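Please read all numbers here as calculations on a predicted model, not as lab measurements. The basis for the numbers below is simple: all heavy atoms, side chains too, and nothing from hydrogens, waters or symmetry mates.
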Amino acid sequence: MSDRKRANLVMTWKLVAIAVGAFGFGFALVPLYNVLCSVTGYGDASKLLQKVKLDTSEQSDPNRTVTIEFMTTVASAGSWDFRPVKRTIEVHPGQLYSADFIAHNLTGHESTANAVPDIAPSQTAAWFHKTECFCFAPQHFALNEERRMPVRFFVDPALPKHIDRITLNYTFYDESSRVKTAAR
């Protein structure tokens with residue numbers, strides 16, 4: 001075997017090893033993420049639900065109310081109707097609540113969309129916890145489909161007393177072109 005063929009064979013085996021290693025690393029990320037969530041409690045919906053159950057029974061403050069205001073923006077011009085069912089709700093910190101949003105696909109074709117949340121004032125993000133949200137994953141819509149989408153959340157009772165209003169804004173993006181490009 002010539003030196004060039006031997007060098008090509010060595011390079012091929014190195015590339016195969018890198019590909020297998022990258023594939024294995026991808027599978028290892030899931031348990032690593034689960035360990036991170038179990039240690040920190042971040043991103044673990046089951047721990048959030050346990051926390052809200054404890055907070056509701058032990059720390060809920062029925063005398064304190066916080067106004068949650070819902071706002072929406074559609075990033076694609078005129079192709080979606082996206083709005084909250086209620087613009088505001090009054091909540092008691094420590095209790096689990098649900099709010100619904102309506103999305104209507106007016107694009108003229110099947111579409112995939114994603115909602116990106118924003119919260120104001122920004123420091124309240126540490127005390128506003130979503131246990132379920134349509135913003136966690138892209139949403140696929142049939143032609144002209146209208147859907148009610150819930151957000152389940154609670155406000156931590158440790159929210160500073162001077163904060164009595166939180167605004168949750170969702171920007172709705174049509175991701176159909178990005179999804180089609182990625183699938184090719």
* Asked: Could you go step by step and tell me if Val151 and Tyr97 meet the side chain to side chain contact (heavy atoms under 4.5 Å, CB included) rule?
  -> CA-CA 8 Å; Val151 175; Tyr97 290 90; over 6 Å; no
* Same hydrophobic cluster for Val85 and Trp80, using side-chain heavy-atom links shorter than 4.5 Å among ILVMFWY? ->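 Result: no, two separate clusters.
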* Asked: Applying the 4.5 Å side-chain criterion to the ILVMFWY set and letting contacts propagate, would Ile163 and Val155 be lumped into a single cluster?
  ->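 Yes, one cluster joins them.
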Just how far is it from atom [atom1] of [X] to atom [atom2] of [Y], taken to the nearest 0.5 Å?
X: Met149; Y: Phe82; atom1: CE; atom2: CZ; result: 5.0 Å
X: Ile166; Y: Phe128; atom1: CD1; atom2: CZ; result: 6.5 Å
X: Glu90; Y: Asp164; atom1: CD; atom2: CG; result: 9.0 Å
X: Thr131; Y: Leu96; atom1: OG1; atom2: CG; result: 5.0 Å
X: Met71; Y: Thr171; atom1: CE; atom2: OG1; result: 9.5 Å
X: Thr107; Y: Leu143; atom1: OG1; atom2: CG; result: 7.0 Å

* Asked: Step by step, would you call His129 with Asp156 a side chain to side chain contact (heavy atoms under 4.5 Å, CB included)?
  -> CA-CA 7 Å; His129 304 287; Asp156 194 311; 3.8 Å; yes
Close side-chain approach of [X] and [Y], heavy atoms under 4.5 Å:
X: Arg152; Y: Cys133; answer: no
X: Val91; Y: Thr65; answer: no
X: Asn169; Y: Ile119; answer: no

Do any N or O atoms from the side chain of [X] and from the backbone of [Y] form a donor-acceptor pair under 3.5 angstrom?
X: Ser111; Y: Phe141; value: no
X: His92; Y: Arg64; value: yes
X: Asn105; Y: Ala142; value: yes

* Worked verdict on Val10 versus Lys14 for side chain to side chain contact (heavy atoms under 4.5 Å, CB included) -> CA-CA 6 Å; Val10 169; Lys14 286 180 180 179; 3.8 Å; yes
* Take Val66 and Arg165 through the side chain to side chain contact (heavy atoms under 4.5 Å, CB included) test and state the conclusion after the steps. => CA-CA 6 Å; Val66 176; Arg165 178 175 289 270; 5.9 Å; no
* Which residue pairs satisfy the side-chain hydrogen bond (donor to acceptor under 3.5 Å, both in side chains) criterion with at least one member in residues 134-144, sequence neighbours excluded? ->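 Those involving residues 134-144 are His104-Asn144, Glu110-His140, Thr112-His140, Gln139-Arg147.
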* **Pair Lys5 + Asp3, salt bridge at N-O below 4.0 Å** =>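 No.
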Please find the pair of heavy atoms, one from [X] and one from [Y], that lie closest to each other, and give the distance.
X: Ser98; Y: Pro150; answer: OG-CB, 4.1 Å
X: Phe153; Y: Ile68; answer: CE1-CG1, 4.1 Å
X: Pro84; Y: Thr72; answer: CD-CG2, 3.6 Å
X: Asp174; Y: Ser79; answer: OD2-OG, 4.4 Å

* To do: For residues Tyr170 and Phe134, establish whether the separation of their ring centroids is below 6.0 Å.
  =>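 Between Phe134 and Tyr170, which both carry aromatic rings, the centre distance is below 6.0 Å.
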* Phe101/Phe70 under ring-ring contact (aromatic ring centres under 6.0 Å, His included): CA gap, chis, key distance, verdict -> CA-CA 9 Å; Phe101 289 76; Phe70 301 105; 5.5 Å; yes
